Amino acid sequence: ISVVAHYVNADWELQKRVIGLRLIEVKHSGENIAERIAAVVEEYCLIDKIFSVTLDNASSNAKAMNTLTPLFACYLGPDPSPDPLDPSNRKYSLVHQRCACHIINLIVKSGLKRLKPYTEDFRTAINFLNSSNQRIALFKEYCNAKGVRPRKFGLDMDVRWNSTYLMLKHLVPYKNVFSVFINSHYGSQLLTTNHWYFAEKLLEFLELFYDSTVVLSGVYYPTSPLVLHHILEIASHLHACEKDHNLRAIVYPMKLKFLKYWQDIPLLYSYAFILDPRAKMRGFFNVLQLLGEYTGSEYSSYYADVKTELYKLFNKYESKFGAARSQRVAQPSHHTGKKKQAWGRIFGRGSGVVGPSPLPATSSSSTSAVSELSAYLDSDNVTSYEDDFDLLLWWRDHKLTFPILSIMARDIISVPVSTVSSESCFSLTGRIIEERRRRLSPETVEMLTCLKDWELGEKREQHVVDNQELEDSFQNLYLDED
C-alpha cells in the first residue's frame, strides 16, 4: 500500500510526496491497511497534522478508516455533538474522503454494462487482428492502399472504463477500413453499421466523464473546489441524455449510481466551493438550485446546514489558531477567475452575480470569528474568470485580511479528491522492480520509490498521471514507425 502526503508549502504551492510504500503480505483487510498507514504516519510524526484522508471505495478501506479516523482527528478534534443513535460515538465528518474519480468510474461502468454485446464485438475484432502477424501485415497493406495511416488498436481493461473510451476513440476514425477488413477476413459480418453508430454515440457521451477524470486527477492545483463544478456538469449531462432514446437505457443506471454517491454532497466539496472567492454562498446557492432541477432533489435545508457547519468548523480554527490573527489590512481586491464556461452555467451569461445574500452568522461564534468569516462571505464575489486564476495564491495574498480563514481555506482546498497520485506510485515502482532487479527487499523498494518521487517533486515533474500513460499506450500503435 502506498501512502502519499499532499500539503501546501511556505510559498503556498501544492506539493505531493510519497512517504510510504508498505508490503502487505497477508490479507488486505481493514485492520492490516490501518496498521500500515498508521505506522507510516507515526514515523513522520504527522498524527496531529492530518486534515483529511482520501481513499477509494473498497470496503476494506472504509473499515480501515473506522480505526484511523479517531487517531487522525487530533488536528481539529471530533464534532462535539454525539450521534443520537450512539451517544459515545463522535462525528468526524471531514477526515475520510472517497475518491471522486473512483465514483465516476462506478457511474460509467454501471451504464457500460448495458452495451456489453457491442463492446464485446469490438474486443473480438481487435483481438482477431492483433493475434496474427500475417493479418497485421495485410491490414497495413490495406490501409496504405486506402491512403490511411496504418496502425494496430489497443484493448480496453475491464477495471478501467476510460480504457474503453480510448479504445473507441482510436478505433472510430478507422471504422471504414477496419470494418471492411475484419468482416472480409473473419468469415462473417462481425461489425455492422449499428456497432459504429453506438460507438460514436458512446464516444460523444463519455467524453465529459473522461475529461472530468483527467481534471480531478491533478496534483499541482487544487481539485476539491472543482468537484461541485463537475458534479453539476455530470448531472446536467445525464439529465439531457435521458431524452435520447438511444442512450436512455444506459443513462438510467448511471443516474441511480450518481444519486447513490452524490445526492448527499460531501461537506468538504461544499466548503471548498464556497471558499473560492468567485463562488461564496451566492454561487453555492445557484449550484444547488441547478442540481435540484437536474436530479429532482431538494437542497434548501442542505444550504442552511452547510452554512451552520461552516461556522462551526471556523470556530475550531479560531480556537486552534487564534494567536495567528494580526492587524487587518484592506479588503481583498478582485482577481481573475477560472473558465467562463463553468461559471456561466452557475451565474448566467450576463454580468454580475445572482443568488441570495448570505445567511446571517449563526449563534455561538465569537465576535472575531463571525466578523472574519462574515467579512469574506459578505464581500463581493470575484467576477473575472480567466484561466490563470490561482486559488492558493489568492488566499496567500489575503492571509493578512483573513488570517484564520486563510489557514482553513488552505487545508480544505488542498485536499486531493482522487487517489490517482497514490496509484501512480505503483507505476513508478514498476520502473524500479524489473528484470535485473527482482530481489530487492521491501524496505529498499520503499526507499528507492520515495527518493525518486521526491526528486521528481523538486522539479514538479511527478504528475505524469496514469491517464496520460494510458492515452499513450493506445496512441503509440502505428505500424509505420520504426
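Note that the structure is a prediction, hence the values are computed from the model and not measured. In this chain, residues are counted from 1 in sequence order.
- Sorted by first and then second residue, the salt bridge (Lys or Arg N to Asp or Glu O under 4.0 Å) pairs with a member in residues 251-273 read Glu242-Lys255; sequence neighbours excluded.
- At distances below 3.5 Å, not a single donor-acceptor pair connects side-chain atoms of Asp411 with backbone N or O atoms of Phe51.
- For the ring pair (Phe, Tyr, Trp, His ring centres under 6.0 Å) test, residues two or more places apart in sequence or in another chain that qualify with His185 are Phe181.
- The aromatic rings of Trp395 and Tyr376 lie tilted to each other, with the angle between the two planes from 30° to 60°.
- Side chains of Asp390 and Tyr221: no donor on one and acceptor on the other come within 3.5 Å.
- The side-chain tip of Arg17 does not point at the ring of Tyr7 from less than 6.0 angstrom away and within 45° of straight on.
- The aromatic rings of Trp262 and Phe258 stand perpendicular to each other, their planes meeting at an angle above 60°, with 30° marking the opposite boundary.
- Taking the six-membered ring for Trp and thresholds of 30 and 60 degrees, Tyr302 and Tyr299 have ring planes more than 60 degrees apart, a perpendicular arrangement.
- Using a 3.5 Å distance cut-off with no hydrogens or angles, the side chains of Ser60 and Lys27 do not pair a donor with an acceptor.
- Between Arg123 and Asp156 there is a salt bridge, since a side-chain N of the basic residue sits under 4.0 Å from a carboxylate O of the acidic one.
- A salt bridge links Asp453 and Lys16; the closest N-O separation between the charged side-chain nitrogens and carboxylate oxygens is under 4.0 Å.
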**Request:** Start with the C-alpha distance between Gln97 and Ser224, add both sets of side-chain angles, then the distance that settles side-chain contact (heavy atoms from CB on, under 4.5 Å), and finish with yes or no.
**Result:** CA-CA 11 Å; Gln97 299 299 322; Ser224 57; over 6 Å; no
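- Defined by atom type and a distance below 3.5 Å, a donor-acceptor pair is missing between the side-chain atoms of Asp121 and Thr124.
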**Request:** Evaluate the side-chain contact (heavy atoms from CB on, under 4.5 Å) criterion for residues Tyr210 and Lys169: first the C-alpha distance (whole Å), next the side-chain angles of each, then the deciding distance (0.1 Å), finally the verdict.
**Result:** CA-CA 11 Å; Tyr210 183 80; Lys169 177 182 176 182; 5.6 Å; no
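- Taking the six-membered ring wherever Trp is involved, the centroid distance between the rings of Phe122 and Trp196 falls below 6.0 Å.
- Checked by atom type, the side-chain pair Thr192/His195 shows a donor-acceptor distance below 3.5 Å.
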Side-chain donor/acceptor pairs under 3.5 Å, residues 200-207, sequence neighbours excluded:
from: Glu200; atom 1: OE2; to: Lys175; atom 2: NZ; distance (Å): 2.7
from: Lys201; atom 1: NZ; to: Asp244; atom 2: OD2; distance (Å): 2.5

